[in-house]
Every structure is written in C-alpha cells, then in structure tokens.
Amino acid sequence: MNLGTLAVKNVLRNKTRTIMTVVAVAVALVAFILLQTVLTAWTAAADAAAKDRIASRHKVSWVMSLPLKYVSDIEQVPGVQKAAPFVWFGGKDPNHEDEFFATIAVDPPKFLEVYDEIQVEPAEREEWLQNRRGALVGDVIAKKLGWKVGDKVTIVGQIYGGDWEFHVSGIYTAKRRSVDRSTLWFHWDYLNESLSGRRKDQVGWIVARIDDPGRSAEISKAIDAKFEERDIQTLTMSERALQTSFLGMVSAVLKALNVVSFVILLIMVLILGNTVAMGVRERTNEYGVLRAIGFMPKHIVAFVLGEAVTIGALGAIVGIALSYPMVERGLGRFIEENMGSYFPYFRIAPSTLVTAAVLAMALGLVAAAIPAFRASKLDVVDSLRRVG
Amino acid sequence: MSDDAKDEAPSDEESGSGNGSAGPPIIELKGIGKTYYRGKERLDVLKDLDLTIAEGSFEALMGPSGSGKSTLLNLIAGLDTASTGTIRVAGADLNAMSDGERAKWRASTIGFVFQTYNLMPVLTALENVELPLLLTNLGSAERKTRAKTALKVVGLEDRMDHHPRQLSGGQEQRVTIARAIVTDPKIIVADEPTGDLDRENADEILNLLDKLNQEFNKTIVMVTHDPAAADRATQLRQLDKGALK
C-alpha cells in the first residue's frame, strides 16, 4: 500500500456516484472530442495545403473575375512553373437538389499539372482531356449520387443558368487532403463558348505551381506587382491562405464551436468538483483521523487531488474508448460520404485525444482545488467530532 | 526526555501509582487554560490546570460531560494548543511547536484510540494498521511485517484481510489499538475506548490496554465514563468544570 492506494480506493467507495461522475466526464469528453474534430476537419484542407502552390484572385473580392490573359501573364513571372484558371460554376444536380457539391470549370491539362495529387485512371484521364463535355468527378460524390464512368449527367447552373450536360469521363481520388473528393471538374472552354460580352474570357481565380516553396511570398508579391498598374489588380496568397480565407466566411461558427467545446469542459469541472466536494464532506472525520495520526495538510491535499485525477483519468479512458471507434468505424465515414464538401477528412486527430486526456486530468485538479484546500485546513479536533 | 522532565519528580497525588514500571514524568502541564469563544460568549473549558503523569502509568480521566476531559486529552496528544500555560509531553514543548512539527511529533510519539474506532472503511485491517507507517521511511515489506506484528499483539492476525465492515465492534477497536501501537509510541491516548462496546468486548479492550501498559510499558491516558474501565487504571483523576478535583 502507498499514499496513492488510499486515494484510488476512495474513488471506488461510492460506486454508483463514481460511475455516474465518470460517465458524465466521459460524455463531456466525447462532445469535446467531436467538436474539436469538426474544427480540425474543417481546417484539414488548409492544414494539408501544398506549399508550392499560390493562388491569385481579384484584389477586391472573390466574386469579381480576372481576365483569362492573366493566366499566361502569371506564367511569365519568374519562379512560376504553370498556372491554371478556375471558375466557380455553382451547379446542382436536379435529381439531388439538397446535395451540395462544388462544380468548377478548369483548363484540364493545366489543372492536372498544377494539382498533380489528383489520381485518375490513365484511360479516363485521356477521355476527359479529349471530351469537351467531359467531367472529372470525385469518388465520394460519385458514389453518393450513383454516377459511373460513361454516365450522362445534367447539371443546373445557378450562376450560369440553364441545363448543362456532362459526360462522366473519369472518377478521381486524391493523394492529399487538400483536394475535395466531392467536386465535379469540367472544361472551361465548354463554359466560355456559351458566354458573351463581359462574361466571356474571364476566370474566377488562378492557381500557380511555383518552383521554390521558400519563395512563395516573394513570387506572390511579384505577381501582384505585375498587375498593379492595370485596371484589375490581383491579390496573391499561398494555398493555405486561400483555404483559410474560405474558412474566414465561417470563422464565427468555428469560434462558436470552439467556445462551446470549452464550455462543455467547464460543465465537466463543475460536475467533478461537486462529486469531490461531497466526498470530502463525507470523509471529514477520516481526514481528522489522518491528521491526528500525523498526516500533514499536504497529504490531505494529495488524497483529494489524487481522487479527482483518478476520476478524470477514468472519464478520459471511457470518453476516448467511446469516441474513437464512434468516429473511426461509423460517424467519420458517414460524414465524409455525406458532407464531403465540408469535411473531406473527418477523423480524430491524435493530438485531440491527447488534449482531451490531459485536460480531463488537469481539470480534475482544478475541480478538486477548492475542496482539497478546505480539507487541508480542517481543524483536527473539529473533524474528529464529526461522525460520518 | 528533557532535563526539566528528568529533574522534576512527580508527587504521589499527581503521578501514577500502583504500577511498578511508573517512572519519571512524561507529561507535564502547568497553569493550563483553554478558552473557546462562541460568538462573543467566552467559554473557559480548562482553568489553571496542573498535571504531571509518570512514564509507564495508566491514567483514567473521569468527569461529567463538558468538564473538559476530551479537551485535556487533545492538549496532551498535541491535537490542540492551550490558551495559557505550558505543556511538555515526552520532552517536547507543544505550545512552541508549529502545526507541522506537532503532526510529526504525534506520528512518532502518540497512539490514538477513539470511541468510534475511526478506521478507514476502504482499507483492510492490515492496511489500516500500516497507515501510520506510510509516514516513515520503512519499505513496504517492513511496514507489512510490523503491521502484522501489531495485529498479532491484539490477537487479530487471522483477520488482517478483513475490512472494518466485516469485523465486530470489539475487533474494530482492537485494530484501532494495533494502529495506535504500530509506530511504537511512548503514549497512548484513548477517548472512551469502551464507549461503544458491550461489557464482554469492553473487558477485552481493557485487558489489551492493561497488557500494553504492563508488558510494553506504554503510558496510557484514557478518558472514560465507565467506572469498570476506570478501575483498570492505576491512577484515576476526576475533572469538574475545567479543574482537577
């Protein structure tokens, strides 16, 4: 037996109360882990962004377009290997009105060169490059909507009105999490040939692959400088900054989720603190006995804190044991398949589990701090007078 | 033991008598007063009390409720401090010690026996007895050996793996006594040790205290309401309204 044995044994003294508290801590941790996973999943694309890609957009806003000529202009900037144009099409499958997925017009050869993490069968790749109405579809959305290679699909344009017919040329996966596997990519030419006037020969943004990731800021500056004297200026940023700027639109939601996850932990502290305080109150007489036979206030503090940390650790074990399989064996895949545009990769980060476990025990200490302090300050004679 | 304690021989009235092993003073209280305040109300529980107890004696403190018996016991045991006067126990000036120093001193010098046993319900008899040894530098095996020896002294070697709820009141009190002697203290203070026991079990406990006094030369100070318990003591002291009669 050692001093820790008494703390651990005290935890198991009132089994019902301990189990209820451990379950409460575990449930709070599951909620914390899930909310934190939402946050990490949401920012996963930005975290996995390629360091050797930079993106240029209209200096004023995303919704304003750039002239097509800027693509070749950017390719002439020293350090740029290749540039690819993108246009947000904003289409919907009329058979799946509620299903959101990105539809983006690209220059296929340039796109595949700049985004070389896209993986597609060679024959399908060739078919897409050759077929003006071909579409390259992410495996997640294809599986969800039941699309197969060779299918004809009709997409209703939200920004560029009308029904647009595509042939599914290929289905892609990706080597990197920065690429959403729920997107439909199609030929920019197909879109452009139907446009006239000021909408013709325009692109939404341009992504360039650069030869030295260490010069990303310098090359971005050079690109923006190139267009400084023109009617339309650019704002160039790293791919990570690009992804982050998309997230900026939902930053308030993300912040709210983060706050809520910590509020949940605060509730956990209160529950744990209440349990520990009840235990201390019930054991006042025992602490008096311990003090009488020579234990010091620091020992009493250690007993109380040890008890709280043990409950926190048990709650962490149960919480992690519940949340990990929940996400890895069901929820994660379900979210990736059904909400892939938002959460292309919904898995618990190891750092989230470590954070949850450490917080559970650390907050156990916080929760027990006041009861422990009070227990250590108990008058020995008064404590011995208390019964039960 | 301090020089002061050695120099001052107890008088017949003050020291234990009838015990052949009673020696020099081990407990000396001079001019002790203890005052509590309940709001503005002043409560003088002990008044200018002098007491000397010889080493190896078995003393019983009796008196009506509220006479100050337990308060006096708490002062002797170093659980409380006097408002006035000096307390020297086993050579230590208790009033001059800090809380921490008194705690260390109690761990090595005093064994406690309470009326309601006060065992840790989550620990076995052996673990309860081992508890005070956790404050020493002894290794686990040595602690266990000593705890087993203490349980053997009180005749409970066959109950060491039992939890308090699996023991009778008398057995629980014997475990408490084993816990009190496991550190080999000079003094055992017992507050109503037979208060919750029937006659048969009470006699067993008193026999045990007798044994500790006679065979192990422990100084025993016992507060009791039980005349039969007081009869076992070698010295009976009556306390009334905070003063020794």
Side-chain angles (χ1 to χ4, degrees), chain A residues 1-19 275-276 278-304 306-308 310-311 314 373-388, chain B residues 34 36 45 70-71 73-75 77-81 98-124 126-136 139-141 143-144 147 163-165 176 179-183 185 189 191 196:
Chain A
M1 187 178 72
N2 55 45
L3 292 174
T5 309
L6 188 57
V8 173
K9 287 195 171 187
N10 269 332
V11 169
L12 301 172
R13 193 157 168 174
N14 189 329
K15 288 191 178 66
T16 307
R17 186 163 68 203
T18 300
I19 289 170
T275 301
V276 174
M278 278 197 285
V280 167
R281 205 161 42 241
E282 287 167 3
R283 290 197 283 279
T284 298
N285 176 269
E286 289 172 26
Y287 294 136
V289 173
L290 289 173
R291 292 280 285 113
I293 64 177
F295 284 85
M296 310 278 266
K298 67 180 179 188
H299 294 124
I300 306 298
V301 169
F303 288 140
V304 178
E307 206 176 317
T310 305
I311 294 176
L314 288 173
F373 177 76
R374 285 186 177 162
S376 73
K377 295 291 172 194
L378 286 170
D379 182 85
V380 184
V381 175
D382 284 346
S383 305
L384 287 171
R385 283 198 194 110
R386 300 221 201 145
V387 179
Chain B
K34 181 68 185 175
Y36 291 107
V45 179
S70 292
T71 302
L73 199 68
N74 291 337
L75 292 179
L79 293 176
D80 206 352
T81 51
S98 67
D99 280 353
E101 287 169 338
R102 277 207 311 279
K104 281 183 187 165
W105 174 84
R106 284 197 301 271
S108 61
T109 314
I110 306 287
F112 289 89
V113 180
F114 305 99
Q115 179 179 353
T116 50
Y117 327 131
N118 289 345
L119 296 171
M120 301 292 150
V122 290
L123 302 181
T124 63
L126 185 69
E127 288 170 334
N128 265 290
V129 176
E130 194 187 338
L131 202 52
L133 296 176
L134 294 179
L135 296 167
T136 67
S140 174
R143 289 201 307 264
K144 272 199 167 55
H163 284 83
R165 65 177 179 281
T176 307
R179 183 178 68 186
I181 62 172
V182 75
T183 54
V189 295
D191 195 353
D196 273 12

As an exercise, state the distance from CE of A:M296 to CZ of B:R102, rounded to the nearest 0.5 Å.
11.0 Å

When you look at B:N118 and A:N285, which way does the side-chain contact (heavy atoms from CB on, under 4.5 Å) test go after all the steps?
CA-CA 8 Å; B:N118 289 345; A:N285 176 269; 3.1 Å; yes

Heavy atoms of other groups near B:Y36 OH, more than 12 under 6.0 Å
yes

Restricting to side-chain hydrogen bond (donor to acceptor under 3.5 Å, both in side chains), what partner residues turn up for A:R17, sequence neighbours left out?
A:E282

Looking at every heavy atom in both B:A107 and A:G294, which two are closest together, and how far apart are they?
CB-CA, 3.9 Å

Show your working on side-chain contact (heavy atoms from CB on, under 4.5 Å) between A:L290 and B:L131 and close with a plain yes or no.
CA-CA 9 Å; A:L290 289 173; B:L131 202 52; 3.6 Å; yes

Shorter than 4.5 Å, heavy atoms on both sides: which option in B:E127, B:K104, B:R143 has the most such pairs with chain A?
B:E127

A side-chain contact here means heavy atoms from C-beta on lying under 4.5 Å apart; do A:V289 and B:R179 qualify?
yes

Minimum heavy-atom separation for B:A103 to A:R291, with atom names?
CB-NH1, 4.2 Å

Straight-line distance of A:L384 CG to B:F112 CZ, nearest 0.5 Å:
8.0 Å

NE2 on A:H299 to CG on B:L134, rounded to 0.5 Å
9.0 Å

Residue among A:I293, A:V380, A:D379 with most heavy-atom pairs under 4.5 Å to chain B:
A:I293

Point-to-point distance, once rounded to the nearest 0.5 Å, from CD of B:E130 to OG1 of A:T5:
8.5 Å

Could I get the full list of side-chain hydrogen bond (donor to acceptor under 3.5 Å, both in side chains) partners for B:N128, not counting sequence neighbours?
none

Crowded around A:R374 CZ? As in, over 12 foreign heavy atoms under 6.0 Å?
no

Spacing of CG belonging to B:L133 relative to CE belonging to A:M1, to within rounding of 0.5 Å
8.5 Å

Can you say whether B:L79 sits under 4.5 Å from chain A via the side chain, the backbone, both, or neither, judging by heavy atoms?
both

